[in-house]
Amino acid sequence: MLEHIQNNDFVSIITGRRSVRHYDEQVKITTEEMQDIINEASLAPSSANIQPWRVIVVHTPEGKDKLRPLVQFNTQQNDSSAAMLIILGDTQSEQYVEEIYNMAVEQGKMPQEVRDKQVSQILGMFPLLPRDMKIEIAKVDASLFAMQLMLVARAHGYDTNPMAGFERDKVVSAFDLDDERYVPVMILSIGKAKQEGHESVRLPSDKITFWR
């Protein structure tokens with residue numbers, strides 16, 4: 001999908017994105033396409049390439065029933081979207097470092113000696129970081145993933161809406177995951193818009209940029 005996007009298409013993806021709250025309930029997304037969307041979003045950058053983003057894809061009626069009381073102000077998205085994507089940050093993502101860097105060597109993207117040096121540095125540092133710093137790193141990187149996922153979804157013809165209004169202290173354990181390890185970052189609804197979201201305005205660059 002992404003390799004076929006031209007520059008002008010990418011601009012239209014960015015300018016055409018809307019936060020959609022009302023979805024066509026008849027439109028579903030197959031497991032295969034959702035996996036493609038997540039794989040493409042995972043091309044986002046991350047600290048030391050440790051990729052700390054994790055996703056709970058809530059797409060079954062049972063899953064949505066479980067999520068509904070935890071998204072009190074966003075039930076419309078929950079009820080009508082193809083899925084609700086709970087974006088998490090993994091505070092123990094260094095556990096995948098060797099697997100990631102081994103793959104890079106196997107695919108000819110990194111020399112063995114570079115892999116050995118970087119893995120040693122990462123595993124010597126990340127496990128010792130304070131928990132609050134691990135959370136901050138995971139949230140920043142997972143947010144980059146989430147933004148990319150919204151654009152990738154648009155490229156696939158779907159609409160999204162990012163949400164911060166949910167029960168953060170309950171959502172991870174509600175889906176049987178370790179809430180000490182995984183921290184909630186945001187929830188994205190995804191589907192096909194039934195009602196187009198309103199176009200919003202942005203401050204011009206001269207209002208948000210400091211030139212020195």
Side-chain angles (χ1 to χ4, degrees), residues 2 14 17 19 34-58 67 70-71 74 83-107 109-155 160-190 208-210 212:
L2 293 185
I14 295 174
R17 191 198 65 79
S19 288
M34 188 69 79
Q35 288 173 331
D36 286 343
I37 289 170
I38 292 171
N39 282 330
E40 291 164 8
S42 292
L43 296 173
S46 62
S47 303
N49 195 29
I50 60 174
Q51 306 165 38
W53 43 75
R54 306 288 179 260
V55 188
I56 305 173
V57 181
V58 183
L67 182 59
L70 305 180
V71 290
N74 296 292
M84 298 283 275
L85 308 179
I86 305 174
I87 311 298
L88 309 174
D90 184 356
T91 63
Q92 297 177 26
S93 56
E94 71 272 8
Q95 292 184 13
Y96 290 94
V97 165
E98 293 193 74
E99 180 177 346
I100 291 168
Y101 280 76
N102 288 345
M103 288 171 57
V105 173
E106 291 167 7
Q107 295 176 22
K109 297 177 179 179
M110 178 180 291
Q112 181 70 43
E113 60 271 19
V114 174
R115 175 262 180 220
D116 294 345
K117 180 179 180 181
Q118 293 198 9
V119 167
S120 177
Q121 290 176 340
I122 294 167
L123 293 182
M125 177 183 66
F126 267 83
L128 302 178
L129 293 176
R131 175 173 165 75
D132 59 348
M133 186 174 293
K134 289 184 177 182
I135 291 174
E136 182 177 356
I137 291 170
K139 283 187 172 182
V140 169
D141 290 345
S143 295
L144 291 171
F145 165 82
M147 183 70 251
Q148 185 138 305
L149 194 151
M150 285 188 277
L151 298 178
V152 168
R154 183 73 180 168
T160 57
N161 182 32
M163 290 166 271
F166 59 94
E167 302 289 340
R168 292 176 176 272
D169 59 337
K170 299 176 182 178
V171 72
V172 176
S173 58
F175 290 93
D176 305 316
L177 291 175
D178 182 359
D179 57 8
E180 284 296 310
R181 173 171 179 172
Y182 301 104
V183 293
V185 177
M186 70 182 76
I187 298 177
L188 301 179
S189 56
I190 183 171
I208 63 171
T209 307
F210 302 95
R212 296 292 187 265

Asp116 side chain to Gln112 side chain, donor-acceptor N/O pair below 3.5 angstrom: yes
Does any part of the side chain of Met163, heavy atoms only, come nearer than 4.5 Å to the side chain of Val71, both counted from C-beta? no
I need the minimum non-hydrogen distance between Asp179 and Val172, along with the two atoms involved. CA-CG1, 3.7 Å
Less than 4.5 Å apart, side chain to side chain, heavy atoms only: is that true for Ile137 and Leu129? yes
Heavy-atom count around Met125 CE within 6.0 Å, excluding the residue itself: above 12? yes
When every non-hydrogen atom of Thr91 is compared with those of Glu180, the smallest separation belongs to OG1-O, 3.8 Å
Chi angles and distances behind the side-chain contact (heavy atoms from CB on, under 4.5 Å) call for Met147, Leu151: CA-CA 7 Å; Met147 183 70 251; Leu151 298 178; 4.0 Å; yes
Counterpart residues, side chain to side chain contact (heavy atoms under 4.5 Å, CB included), relative to Glu99 (two or more places apart): Tyr96, Met103
Hey, does Glu98 have a side-chain heavy atom less than 4.5 Å from the side chain of Leu123? yes
Smallest separation among heavy atoms of Ser46 and Pro52, with atom names: CB-CD, 3.9 Å
Worked check of side-chain contact (heavy atoms from CB on, under 4.5 Å) between Val58 and Phe175: CA-CA 9 Å; Val58 183; Phe175 290 93; 3.9 Å; yes
Report yes or no: does Arg115 contribute a side-chain atom to a donor-acceptor pair with the main-chain N or O of Met110 at less than 3.5 Å? no
Output the distance between atom OG (Ser93) and atom OH (Tyr182), rounded to the nearest 0.5 Å. 10.0 Å
Identify the heavy atoms of Met186 and Ala146 that sit nearest to each other, and give their distance. SD-CB, 3.7 Å
Measure across Ser42 and Phe145 and return the closest heavy-atom pair with its distance rounded to 0.1 Å. OG-CE1, 3.6 Å
In this structure, NZ of Lys134 is separated from CG of Asp90 (nearest 0.5 Å) by 9.5 Å
How far apart are the C-alpha atoms of Tyr101 and Ile122, what are their side-chain angles, what is the distance that settles it, and do they pass the side-chain contact (heavy atoms from CB on, under 4.5 Å) test? CA-CA 11 Å; Tyr101 280 76; Ile122 294 167; 3.4 Å; yes
Determine whether Ile187 and Asn74 make a side-chain contact, defined as any pair of heavy atoms from C-beta on separated by less than 4.5 Å. no
Heavy-atom count check: over 12 atoms from other residues, nucleotides or ligands less than 6.0 Å from Gln118 CD? yes
Check Trp53 against Asp141 and note the closest heavy-atom contact, atom names and distance. CE3-O, 3.3 Å
List the residues meeting side chain to side chain contact (heavy atoms under 4.5 Å, CB included) with Lys117, not counting sequence neighbours, and say none if there are none. Gln121
side-chain contact (heavy atoms from CB on, under 4.5 Å), that's the test. Do Leu177 and Arg54 meet it? Break it down for me. CA-CA 11 Å; Leu177 291 175; Arg54 306 288 179 260; over 6 Å; no
Look up atom CE in Met133 and atom CG in Leu128, then write down how far apart they are to the nearest 0.5 Å. 11.5 Å
Are side-chain heavy atoms of Ile38 and Leu85 found at a separation under 4.5 Å? no
Is there a side-chain contact between Met34 and Ile190 (heavy atoms, below 4.5 Å)? yes
To the nearest 0.5 Å, what is the distance between CD (Gln92) and CZ (Phe126)? 13.0 Å
Of all residues at least two apart in sequence or in a different chain, which pass the salt bridge (charged side-chain N to carboxylate O under 4.0 Å, His left out) check with Lys139? none
Nearest-0.5 Å distance, CD of residue Gln148 to CG of residue Leu144: 8.5 Å
Can you find a heavy atom in the side chain of Ile86 that is under 4.5 Å from one in the side chain of Leu67? yes
